[in-house]
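First the proteins, then the strands, lettered A, B, ... as listed; each starts at 1.
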2 protein chains.
Amino acid sequence: MEPVALPWGPPREERADAARNRAHLIGVAREMVAELGACNVTMDALAERAGLGKGTVFRRFGTRAGIFHAVLDEEEALFQHRVMTGPAPLGPGAPAAERLAAFGRARLEFLAAHLALARASLDVARPVPGQSPSLFHVRMLLAEACPDDALTGTLALQLVAALEGPVLLYLQRQDEGPLVVDDLITSWQVLVERLTAR
Amino acid sequence: MEPVALPWGPPREERADAARNRAHLIGVAREMVAELGACNVTMDALAERAGLGKGTVFRRFGTRAGIFHAVLDEEEALFQHRVMTGPAPLGPGAPAAERLAAFGRARLEFLAAHLALARASLDVARPVPGQSPSLFHVRMLLAEACPDDALTGTLALQLVAALEGPVLLYLQRQDEGPLVVDDLITSWQVLVERLTAR
DNA sequence: GACTCAAGCGGGGTACAGTCCATTTAGAGA
DNA sequence: TCTCTAAATGGACTGTACCCCGCTTGAGTC
């Protein structure tokens, strides 16, 4: 029997040049976002400034939202790191309910700090980060805080939506940001307290 | 002193032909959505099928999302009517906490029934229905159920996001719909119960 | 080093959202 | 009925996301 290359299995990783271009594109995109604002960055301009073809940009990132998602992902990794290994109560060590409250605060601050990017990385046509780290983390904490609840899954979905939705969808303008975000943090704490109270 | 036409004040209402065209466009759009699915309806095709110029379509509705929003609004009005004047607990007469739970159930069923349209009427670029009726209603019920809470405003925002976000943003595909929606309804009830419990 | 071929690349082409403005028309007042 | 003007209209035009496909190249294999 011959060793067939199975169509599933770990997809071979990116070729070196492709990886290089990806990194370069993300860097250029970040520059352009800082310079022009996310909503003024066009794919043509990005490709040109990166010295690459448009086709390459789309092959790497699939979609306009995809690029911004990739840029944001680098920040997101730092955030995740704080959550997984940083000091309590955001990091491990505190009771689940407290971690949940701390997570909400940190997440709201994170989103507010990267508002334009976060919005630009939304793609309503093909939605759902599906297994977004936030969802995963909230689900875990919720299961720990309310071990006897069924439906932790959908409840976690609703909590994440409560956390991210107002900023991503409902909050009008960036400039009215800070005040509202503070209020959102406070009411998130109320929400979590009552939800996890015995 | 002469009677100046003040730039504010009630904006003069639509001319008769404009109103006729708006109604006609909404009708044609509804047909096309039923026939092709919202995401396959283009503004060019809509204008052509309605026998009107493209400029007219955009003048009336501003944006692609605007049309779907207008189509959905007609259904939404029926929904609002049930909420405002229908039988309890969705309509008036029941305690606020119960009305909140009933509202969530009804809203989720409504969104599930009009999923494609609801998604198409989202506009991430210019977000916020600002004073959406749902937000208004949840805020009112919440203030009634928890009269001594401060921050009812942002909490209501978070609740609406918890209600609509999962369906609009996170839920993957239409076909996995019914089951998940049932679970969402149940966990919404848990959420409201705990939130309004003394 | 030479061969091979899937992965990657470029950039012209397409489709569609949204703008502009010259022309038409509703409808209020005289 | 006539006049006048703000509102409405149509459709050519523009900008941009995304597709397509022939050419190039990285990186395994001998």
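- Rounded to the nearest 0.5 angstrom, A:F79 CZ and A:E109 CD are separated by 9.0 Å.
- For A:H114 (side chain) and A:F110 (main-chain N/O), a donor-acceptor pair under 3.5 Å exists by modelled atom type.
- The shortest heavy-atom contact between B:A156 and B:L142 is N-CD2, 3.8 Å.
- The CG atom of B:N21 sits 13 Å away from the P atom of D:dG11 (whole-angstrom rounding).
- A salt bridge does not link B:E193 to A:R194: none of the charged side-chain nitrogens sits closer than 4.0 Å to a carboxylate oxygen.
- The rotation axes computed at either terminus of the helix from C:dG1-D:dC30 to C:dA30-D:dT1 lie 20° apart, taking five pairs at each end and rounding to 10 degrees.
- In this entry the distance linking CZ of B:F58 with C1' of C:dC21 reads 17 Å, nearest Å.
- Toward the 5′ end of DNA chain C lies the nearest nucleotide of B:A65, the other residue of the pair B:A65 and B:D17 mapping further downstream.
- In this structure, A:T63 contributes its side chain and A:G66 its backbone to no donor-acceptor pair below 3.5 Å.
- Rounding to whole angstrom units, CG of residue A:L46 and P of D:dG15 are separated by 19 Å.
- Of all heavy-atom pairs spanning B:L195 and B:C146, the tightest one is O-SG, 4.1 Å.
- The residue B:R64 sits close only to the backbone: its heavy atoms come under 4.0 Å of sugar-phosphate atoms, none of a base.
- For the pair B:I67 CD1 and C:dC16 P, the interatomic distance rounds to 15 Å; values are reported in whole Å.
- Listed pair B:R59 / D:dG10 fails the phosphate criterion, with no side-chain N or O lying under 4.0 Å from OP1 or OP2.
- Heavy atoms only, all atoms of each residue included: A:L141 and A:A96 are closest at O-CB, 3.5 Å.
- Contact check, B:T56 against D:dA8: no side-chain N or O comes under 4.0 Å of OP1 or OP2.
- Going from atom CZ of B:F61 over to atom P of D:dA8 covers 13 Å, rounded to whole Å.
- Relative to the side chain of B:D44, the nucleotides D:dT9, D:dA17, C:dC16 differ in distance, and C:dC16 lies closest.
- The nearest whole Å value for the distance from the CE atom in A:M43 to the C1' atom in C:dC9 is 15 Å.
- Looking at the side chain of A:K54, the nearest of the listed nucleotides C:dG12, C:dG18, C:dG27 is C:dG12.
- Closest to the side chain of A:A16, out of D:dC18, D:dG26, C:dG18, is D:dG26.
- As rounded to whole Å, 8 Å separates atom P of D:dT9 from atom CD of B:E14.
- The distance from atom CZ of B:R60 to atom C1' of D:dG10 is 13 Å, rounded to the nearest whole Å.
- At D:dA6, none of the side-chain N or O atoms of B:R15 fall inside 4.0 Å of OP1 or OP2 (strictly under the cut-off).
- Within 4.0 Å (heavy atoms only), A:T42 reaches sugar-phosphate atoms of the nucleic acid but no base atom.
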